[in-house]
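Sharing a structure here in structure tokens format.
The figures here come from the full heavy-atom set of this structure, side chains too, leaving out hydrogens, waters and symmetry mates. Just so we're on the same page: letters track the sequence lines, and every chain starts at 1.
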Amino acid sequence: MPELPEVETVARGLAKRLEGRKLVKVETRRGDLRWPFPKGFAKRLTGRRVDKVRRRAKYIVAELDDGNALLAHLGMSGRMLLSKGRPELETHDHVIFETDEGWVLRFNDARRFGMMDIVATEKLEKHKLIKGIGPEPLGNDFSGPVLAAALKGKKTSIKAAILDQKVVAGVGNIYASEALYRARISPKRLAYTVQGDRAEKLALAIKIVLNEAVAAGGSSLRDYVQADGELGYFQHKWRVYEKEGQDCPDCAGKIRRIVQGGRSTFYCPSCQR
DNA sequence: CTTTCGTCCTGACTGC
DNA sequence: TGCAGTCAGGACGAAA
């Protein structure tokens, strides 16, 4: 599932083939993903040069030479597929981009929870979907005190709180469990009780868990493109996620699965408090 | 304001 | 072998 590390890896893979390249052909194969494409979507992108591809939260941002940016979210099942030359199209290939070097990028998204929009690059942070998103966890403005402040007064569980993109950007269901495990904090603990040293530990755990996953993504992809052209997915080394019933890697406990807010949480009840 | 919950969608998997 | 039912999950937007 695309969380920050997967999106980061996809963005890096895209950067390699798109930055400095002109989009010579853009085609949408249906009128909407999660929402309709903006008016004139393909036409507005065609002929544009891509200056930069980066990530913000779980969004991919491709800055163009006309002051606009393509904003894309992979949703649950969105995949970016790169190939040299025109491939056989597959089911759920919804958007096709072709560069002046002959690279073809397909956005394939079975569940269509993904989205694409065009936004003035300068106004990106004011975009409806970006506005209000919290700090980048791997950036300098995320720290124990910053996290503590965001959790202050929050009556939900700490698990639900760090899934909230307003608290911290880019953490999804998998890395929420992984970060809490690493910080030895119970996912059931009330968010407002995570202050001081606990918040410090959790902020650090979030950084470590995400950084490790980004590194794994980078190192496991040759040129960031797998044999099948798919960008951004890689072998994960989860400690607790989907490990229900298995031994805790660090104590005598067994990993348990609970449901919080309709989402699975995995944790060790004996070493997470 | 905060928090919870339903919803979108399809593929993978389970059980009969 | 087939088919119905369940589950997965990001994040909006409605409801409480």
Would you tell me whether Thr121(A) and Glu63(A) have side-chain atoms, one donor and one acceptor, within less than 3.5 Å of each other? no
For Phe97(A), give me all partners under ring pair (Phe, Tyr, Trp, His ring centres under 6.0 Å), at least two apart in sequence or on another chain. none
Using the side chain to side chain contact (heavy atoms under 4.5 Å, CB included) rule, take Lys188(A) and Gln260(A) through it: C-alpha gap first, then chi angles, then the decisive distance, then the call. CA-CA 8 Å; Lys188(A) 294 193 277 192; Gln260(A) 294 178 291; 4.0 Å; yes
Any salt bridge between Glu90(A) and Arg106(A), counting N to O under 4.0 Å? yes
Span of DNA chain B, from the first to the last nucleotide whose atoms fall under 4.0 Å of chain A heavy atoms: dT3(B) to dG11(B)
Global bending angle along the helix from dT2(B)-dA16(C) to dC16(B)-dG2(C), which compares the axes of five pairs at either end, to 10 degrees: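 Overall, the helix from dT2(B)-dA16(C) to dC16(B)-dG2(C) bends by 50° from one end axis to the other.
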Kindly compute the distance separating CD1 (Ile60(A)) from CG (Leu70(A)), expressed to the nearest 0.5 Å. 8.5 Å
N/O donor-acceptor pairs under 3.5 Å from side chains in residues 29-36 of chain A, not counting sequence neighbours:
residue, atom, partner, partner atom, Å
Arg29(A), NH1, Asp93(A), O, 3.2
Arg30(A), NE, Asp32(A), O, 2.8
Arg30(A), NH2, Asp32(A), OD1, 3.2

Between the protein and nucleotides 2-5 of chain C, list every N/O to N/O distance that falls short of 3.5 Å.
none

Mind checking what makes side chain to side chain donor-acceptor pair (under 3.5 Å) contact with Glu212(A), not counting sequence neighbours? Arg182(A)
What residues in residues 254-263 of chain A put a non-hydrogen atom under 4.0 Å from any atom of DNA chain C? Arg257(A), Arg263(A)
Restricting to nitrogen or oxygen on both sides, can you table the protein-nucleotides 12-14 of chain C pairs closer than 3.5 Å?
residue, atom, partner, partner atom, Å
dC12(C), O4', Arg34(A), NH2, 3.1
dG13(C), OP1, Lys128(A), NZ, 3.3
dG13(C), OP2, Lys128(A), NZ, 2.8

Check Lys84(A) with Glu101(A), please: is the shortest side-chain N to carboxylate O separation under 4.0 Å?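 No, no charged N to carboxylate O under 4.0 Å.
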Show every salt bridge (Lys or Arg N to Asp or Glu O under 4.0 Å) that has at least one partner inside residues 156-176 of chain A, sequence neighbours left out. Lys154(A)-Asp164(A), Asp164(A)-Lys166(A)
Do the side chains of Cys268(A) and Tyr181(A) get nearer than 4.5 Å, heavy atoms only? yes
For the CG atom on Asp141(A), are there more than 12 heavy atoms of other groups (residues, nucleotides or ligands in this structure) within a distance under 6.0 Å?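 Result for CG/Asp141(A): enclosed.
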Do we see a donor-acceptor contact under 3.5 Å between the side chains of His94(A) and Asn108(A)?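 No - no donor-acceptor pair under 3.5 Å links their side chains.
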Between residues 113-125 of chain A and DNA chain C, which residues have a heavy-atom gap below 4.0 Å? Phe113(A)
Checking Ala148(A) now: which residues fulfil side chain to side chain contact (heavy atoms under 4.5 Å, CB included) with it, not counting sequence neighbours? Gln195(A), Ala199(A)
Which whole-number value in Å describes the distance from Asp109(A) CG to dA11(C) P? 13 Å
State plainly whether the residues Glu136(A) and Arg56(A) are in salt-bridge range, i.e. N to O under 4.0 Å. yes
Taking CD from Gln165(A) and P from dA11(C), how many angstroms apart are they, rounded to a whole number? 5 Å
Pairs in or reaching into residues 254-273 of chain A: which pass salt bridge (Lys or Arg N to Asp or Glu O under 4.0 Å), with residues at least two apart or in two chains?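 Of all non-adjacent pairs touching residues 254-273 of chain A, those that pass salt bridge (Lys or Arg N to Asp or Glu O under 4.0 Å) are Asp247(A)-Lys254(A).
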Are Ser157(A) and Arg189(A) close enough that some pair of their side-chain heavy atoms sits under 4.5 Å apart?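 Contact flag for Ser157(A)/Arg189(A) side chains = no.
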